[in-house]
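Just below is one structure, and these are the notes that go with it.
Lettering of chains follows the sequences in order, A, B, ..., and the numbering in each one begins at 1.
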Number of protein chains: 2
Amino acid sequence: MPESDITTSSGVHSTGQAEDSAATDATAEVTTDASTGKPIGMVADIGRDIGQYIRQQRENAKISLRQLSKLAGVSNPYLSQIERGSRKPSAEILQQIAKGLRISAEALYVQAGILDVPTGGPVADAIRADAELSERQKQVLLDVYESFRRENSAGQPKQEPSTVEEGTDATAAADRDNAQ
Amino acid sequence: MPESDITTSSGVHSTGQAEDSAATDATAEVTTDASTGKPIGMVADIGRDIGQYIRQQRENAKISLRQLSKLAGVSNPYLSQIERGSRKPSAEILQQIAKGLRISAEALYVQAGILDVPTGGPVADAIRADAELSERQKQVLLDVYESFRRENSAGQPKQEPSTVEEGTDATAAADRDNAQ
DNA sequence: GCAAGGTGCTTGCAATAGCTAGCACTGCTG
DNA sequence: CAGCAGTGCTAGCTATTGCAAGCACCTTGC
């Protein structure tokens, strides 16, 4: 598990340095950015999450940081920063790391928040695979389908009435798409 | 189709400014970066590709650039740069644009080269969905499966002998994974 | 004990992403 | 015709990404 400090990293690279006391006192409250609620002095949790995951996958594969950096074509200091959560890699870098780890890029994308956890059984898969629908139509249909599934799993919907409206909105949207 | 010029954009932002003559003479050969072969003065083709695609989706939806920029939460000058291919957006920005366009983020990711075009019928989907396999094991299995499919679709394999080796390498790799 | 080769990390820098301020233009309204 | 609201874009700026150079430490072999 990478250490959660940025220590002497310059202000140039960080949104703001972590409070010293936070670095030394594990029980100290993490200072957060007022606008996002995410930790200051550290890339957001999601960055640390992907870094932990990459380090875990690398250790499972029993290779060193330098070995992975060569396999991935990424510099080893940068890979260290990624694993320790002090840098947030782009999708392209994640793609390279996935190749180096010989896992799918999608697995890293889910951890990084770039992709949602895959959902849906055969219906959703079939909708996505339908070549005759536009991207917009696919999305509308998926929204309608997911809305119905939520209704059904709730039995009697206990959400706001907007849940009901959502369904009608979706079908209204579908009608508007067809009108175009 | 966005214009392919960066005109007076400063050198700070571009790998290199397009030759003036290239800007005015449509038949002029595009100057390329020696190391990558990609156009200079323009982000790589793939950047223009995603930009074109976004503009096409926006025009299909019959909304203006400013309307989409508000829906997406992206500044309108930056969206213009993306559509014209002079900036390469991150996955997070693509996610926001997809939401604004009400299409799936995956559709934009495929265009941007972040995701491959989805492949595989039921076998690949089932492998990906299997919760009992590690990410590494899934990838090895997919590699083996795709290798077999390539062999079968070629009838008599005409590729390098490495294609055969690839299969044996893959199964050997699978054995090593199981040994760990 | 020393050299060599490995490890993970820090620092400073260049290039790029993404934004704000502002521009020029168009069409509409009173 | 002036004012307004819209359009798409340019220029300059700040924050961030990703790297190269180099550090300190560890293990191994001679």
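Taking atom CZ of A/Arg55 as the reference point, atom P of C/dG8 lies 7 Å away to the nearest angstrom. For the pair B/Leu65 CG and C/dC25 C1', the computed distance is 15 Å after rounding to whole Å. Rounding to whole angstrom units, NZ of residue A/Lys88 and P of D/dA15 are separated by 18 Å. The distance between atom CD of A/Gln81 and atom P of C/dG8, rounded to the nearest whole Å, is 14 Å. For the pair B/Ile82 CD1 and C/dT16 P, the interatomic distance rounds to 16 Å; values are reported in whole Å. Atom pair A/Gln96:CD and D/dC19:C1' shows a separation of 12 Å (rounding to whole Å applied). Between the C1' atom of D/dT10 and the CG atom of B/Leu79 lies a distance of 15 Å, rounded to the nearest Å. Taking atom CZ of B/Arg87 as the reference point, atom C1' of C/dA15 lies 10 Å away to the nearest angstrom.
Note on B/Ser90: every side-chain N or O is 4.0 Å or more away from OP1 and OP2 of C/dA17. Look at A/Ser80 and you won't find any side-chain N or O under 4.0 angstrom from OP1 or OP2 of C/dT10. Phosphate proximity of D/dT7 to B/Ser64: present, with a side-chain N or O under 4.0 Å from OP1 or OP2. A close approach under 4.0 Å does occur between a side-chain nitrogen or oxygen of B/Arg58 and OP1 or OP2 of D/dG8.
Across all strands, A/Ile93 comes closer than 4.0 Å only to sugar-phosphate atoms, never to a base (heavy-atom distances).
Looking only at atom types and distance, the side chain of A/Arg149 has no donor-acceptor partner in the side chain of A/Ser153 under 3.5 Å away.
Between the base of D/dG8 and the side chain of B/Arg66 there is a donor-acceptor pair shorter than 3.5 Å. For B/Arg84 and D/dG8, a side-chain-to-base donor-acceptor distance below 3.5 Å is absent, hydrogens and geometry of angles not being considered.
Comparing C/dT7, C/dG18, D/dT7 by their closest approach to the side chain of B/Gln67 singles out D/dT7. The side chain of B/Tyr78 lies closest to C/dA17 when the candidates are C/dA17, D/dG18, D/dT7.
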Less than 3.5 Å apart, which donor and acceptor atoms pair up between the side chains of residues 120-131 of chain B and the rest of the protein, not counting sequence neighbours?
residue	atom	partner	partner atom	Å
B/Asp130	OD1	B/Glu132	N	2.7

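Looking only at distances, no side-chain donor or acceptor of A/Glu135 sits under 3.5 Å from a matching main-chain atom of B/Leu108.
For B/Glu92 and B/Pro77, each mapped to the nucleotide of DNA chain C holding its nearest heavy atom, the one lying further toward the 5' end belongs to B/Glu92.
The line from CD of A/Glu83 to CD of A/Glu59 is 7.0 Å long, rounded to the nearest 0.5 Å.
A search for side chain to side chain donor-acceptor pair (under 3.5 Å) contacts involving B/Ser75 returns nothing, not counting sequence neighbours.
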